[in-house]
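As structure tokens, the structure follows; a few thoughts come after it.
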Amino acid sequence: MAILETMDLEQRAGASVLLSKVSLSVEKGEIFAVIGPTGAGKTTLLRLINLLDRPAAGDIIFDGQKITDPSCDTVKARRRMAMVFQKPAVFNNTVYENVAYPLKVRGTHGKTEKSAVHQLLETIGLGGYARRKAKTLSGGEAQRVALARAVVVKPDLLLLDEPTANLDPVNVKMIEELVMRFNRERGLTVIMSTHDMQQAQRVANRIGVLMNGQLVQVGRPGDIFYSPDNARIAGFVGMRNMFRGYIVRNELGIAVINIGGRDIQTVSDLPVESAVEIYIRPEDVVLAMTAASSSARNNLRCSITSLSSIGPLCTVTVDCGFPLEVLVTDKSVVEMGLSQGQELYASFKASAVRVLPSMPR
Amino acid sequence: MQEIWQALVQSVNLIVSLDPEVIQISLRSLYISGCSILIAALFCIPVGGLIHFHDFSGKRVVINIIQTFYSLPTVVVGLMVFLFISRSGPLGGLELMFTPTAVVIGQVILIMPVLTGMTISALSGVDRAIRDTALSSGASNAQAMWAILFEARFAVVGALILGFGRAISEVGAALMLGGNIRGYTRILTTAISLETQRGDLVLALALGIILISIAMVVSITMNILLQRY
């Protein structure tokens, strides 16, 4: 059952269109990621859903109620959701007061709620911080406080606007785990925006791709990874040189993966026979005329199928049992005399290969 | 220069010996300016909020005008109020002339622009994210405004201390409207003015030191109260 639907949602700022005919449907209990580059309209969309701004056109239906209707009680509707913003915002008050704020404005700040706040502080790893001034927290801690403040009232819908954009990897992981935990334990529906495709893949059940204010594709993470609807999405998700295969053997963390009949050495802890997806950045591959004796674990014999120059760089596509894109400088192309059909070697380090488990979702 | 040292000694003497007249004048100063800041705050903080939270055409102009009146001369305020409450003025029937009330009216008018303007500045200094956070936390518009005001509390209290300072230190309106009547409308500044004219520079300076001490105590008390929240 859809808990939230937007219908032809539009937003403008002056003459520029921020959102154009966005229609999406979010199911109860799922984590839905809105991905897109900076300026795509992710924040605009979430602010509209949270009723912080009014749409120029279109409707939002939340749990069967048209909340964009002028007669709808905005505060009442908003009190069933919560939002965490990109920039960690805390009130200049104690950590406890910050987390308890939504309870106080609702007039439901009793004894049980008080202990719930303290328990929540334990959950987010800030157990002893209740009386600390929130302003003295680090960015990651402040964002965890913001997350606790959002879930303290047990909302039906949690909106996260790039919640980890400015955080260090440790805090990114903590926030992601907390979000997934709240989703799992409370059946909390989450809409999260991010410009990080890998984060969306880690966290979300479904992904919507927002580009230039338009929702261009909605699907499960795998769908968007492997069959992006257009080159722009493929470019955004960075999915060049993405291949599927399985682990043939794994010796002390060096996993050999079979891709189209060729063995690729990678770094992964995944067990043998795991179905995996691998990703090699075009700039991590080196072309050489001979099988270079270097530290690179992978030296694949291949032939050039195409060359296309973009500025000072050239994308060389080679066939090594699978089509591999390689990024080299135009200067190298000239100096090495690269041409179509030429036979040579493609080398890359085992550690340059990103290995992700195939997702059965 | 000798006078400054003597004044310092005498002010300590006056405070320690609890000189009844000095105590009375000091308390009256505190009371009158306290009333003024209270009345002005009750009016100016909401008005400042009203201006800050609403977008209307000419908002910038209004703020500019308010800020211009920061430099309102105290004697001009005294004169304006005088024209209203003197026996032949429109409010002459209220017989407010030469009463503490008249002084309070003058001081309130004097500090209103500063207090309103500084309230607007204080609220503008609050990150927009606070409003969004309050609203998305389920606050009503009024609760969100309160959250923003709370966030600006240091700056707002700063404005209150400034307004109080301007009120307790002004002499023009107090002289014109209160008349420096001994035991009735004589306050620290008017007493200083009188003692200076009479040539008792040491007493005048000592009263000045007492005035500054009062301002200091008020400011410290406010800041201690603020630290608790």
Side-chain angles (χ1 to χ4, degrees), chain A residues 43 46-54 73-94 97-109 131 133-135 142-143 145-161 166 191, chain B residues 41 45-46 48-50 52-57 59-60 118-162 219-229:
Chain A
T43 302
L46 292 187
R47 288 182 63 91
L48 287 179
I49 294 172
N50 200 208
L51 299 174
L52 291 174
D53 298 323
R54 286 271 160 201
D73 184 342
T74 306
V75 175
K76 204 171 152 194
R78 216 190 263 131
R79 281 185 178 179
R80 295 186 53 201
M81 325 175 191
M83 183 155 168
V84 174
F85 299 88
Q86 176 172 353
K87 207 176 87 186
V90 289
F91 298 114
N92 191 0
N93 212 327
T94 62
E97 289 295 329
N98 263 276
V99 177
Y101 182 76
L103 297 166
K104 292 198 165 170
V105 294
R106 284 165 175 78
T108 55
H109 185 243
R131 296 175 67 113
K133 287 264 177 203
K135 288 270 178 202
Q143 197 63 307
V145 167
L147 183 61
R149 184 176 54 209
V151 299
V152 72
V153 286
K154 299 193 166 49
D156 295 321
L157 176 63
L158 176 63
L159 304 164
L160 305 168
D161 185 17
N166 305 318
I191 303 178
Chain B
I45 293 175
L50 216 60
H52 172 76
F53 290 117
H54 289 84
D55 284 320
F56 52 91
S57 58
K59 179 170 173 171
R60 210 48 256 174
M118 300 279 286
T119 301
I120 296 170
S121 302
L123 295 174
S124 316
V126 176
D127 196 331
R128 224 194 124 69
I130 291 297
R131 180 176 175 272
D132 289 341
T133 301
L135 287 177
S136 77
S137 294
S140 63
N141 278 327
Q143 285 171 325
M145 283 182 205
W146 185 249
I148 293 166
L149 188 64
F150 185 74
E151 211 63 17
R153 63 196 180 279
F154 291 95
V156 170
V157 167
L160 289 175
I161 292 172
L162 181 70
S219 157
I220 289 173
T221 312
M222 294 294 266
N223 277 302
I224 288 172
L225 284 176
L226 205 54
Q227 289 303 324
R228 291 205 189 163
Y229 293 96

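The sequence lines fix the lettering, A, B, ..., with proteins before strands; numbering per chain opens at 1. In what follows, every heavy atom counts, from backbone to side chain, and hydrogens, waters and symmetry copies are set aside.
What you find for A/N50 and B/S136 is that their closest heavy atoms are OD1-CB, 2.8 Å. Residue A/N93 comes nearest to B/F150 through the heavy atom pair ND2-CE2, 3.2 Å, listed as atom of the first residue, atom of the second, then distance. When all heavy atoms of A/Y101 and B/Q143 are compared, the closest pair comes out as OH-O, 3.7 Å. Nearest heavy-atom pair, A/N92 versus B/E151, reported as atom, atom and distance to 0.1 Å: N-OE2, 2.6 Å.
Heavy atoms of A/V90 lying under 4.5 Å from chain B belong exclusively to its backbone. If you measure heavy-atom distances from A/V105 to chain B, the contacts under 4.5 Å come from both the backbone and the side chain.
For the atom pair B/I130 CD1 and A/F91 CZ, the distance stands at 5.5 Å (nearest 0.5 Å). To the nearest 0.5 Å, the span separating OG on B/S140 from CZ on A/R78 amounts to 9.5 Å.
If you tally non-hydrogen atom pairs under 4.5 Å between each of A/R80, A/E97, A/R149, A/R79 and chain B, the highest count goes to A/R79. Listed options B/A139, B/A129, B/A144, B/A147 were ranked by heavy-atom pairs under 4.5 angstrom with chain A; first place goes to B/A139.
Contact of the A/M83 side chain with the B/T133 side chain is not registered, since no non-hydrogen atoms from C-beta on lie closer than 4.5 Å. Between B/D132 and A/R47 the shortest side-chain heavy-atom distance falls below 4.5 Å.
Heavy atoms from other residues, nucleotides or ligands lying under 6.0 Å from NZ of A/K135 number more than 12.
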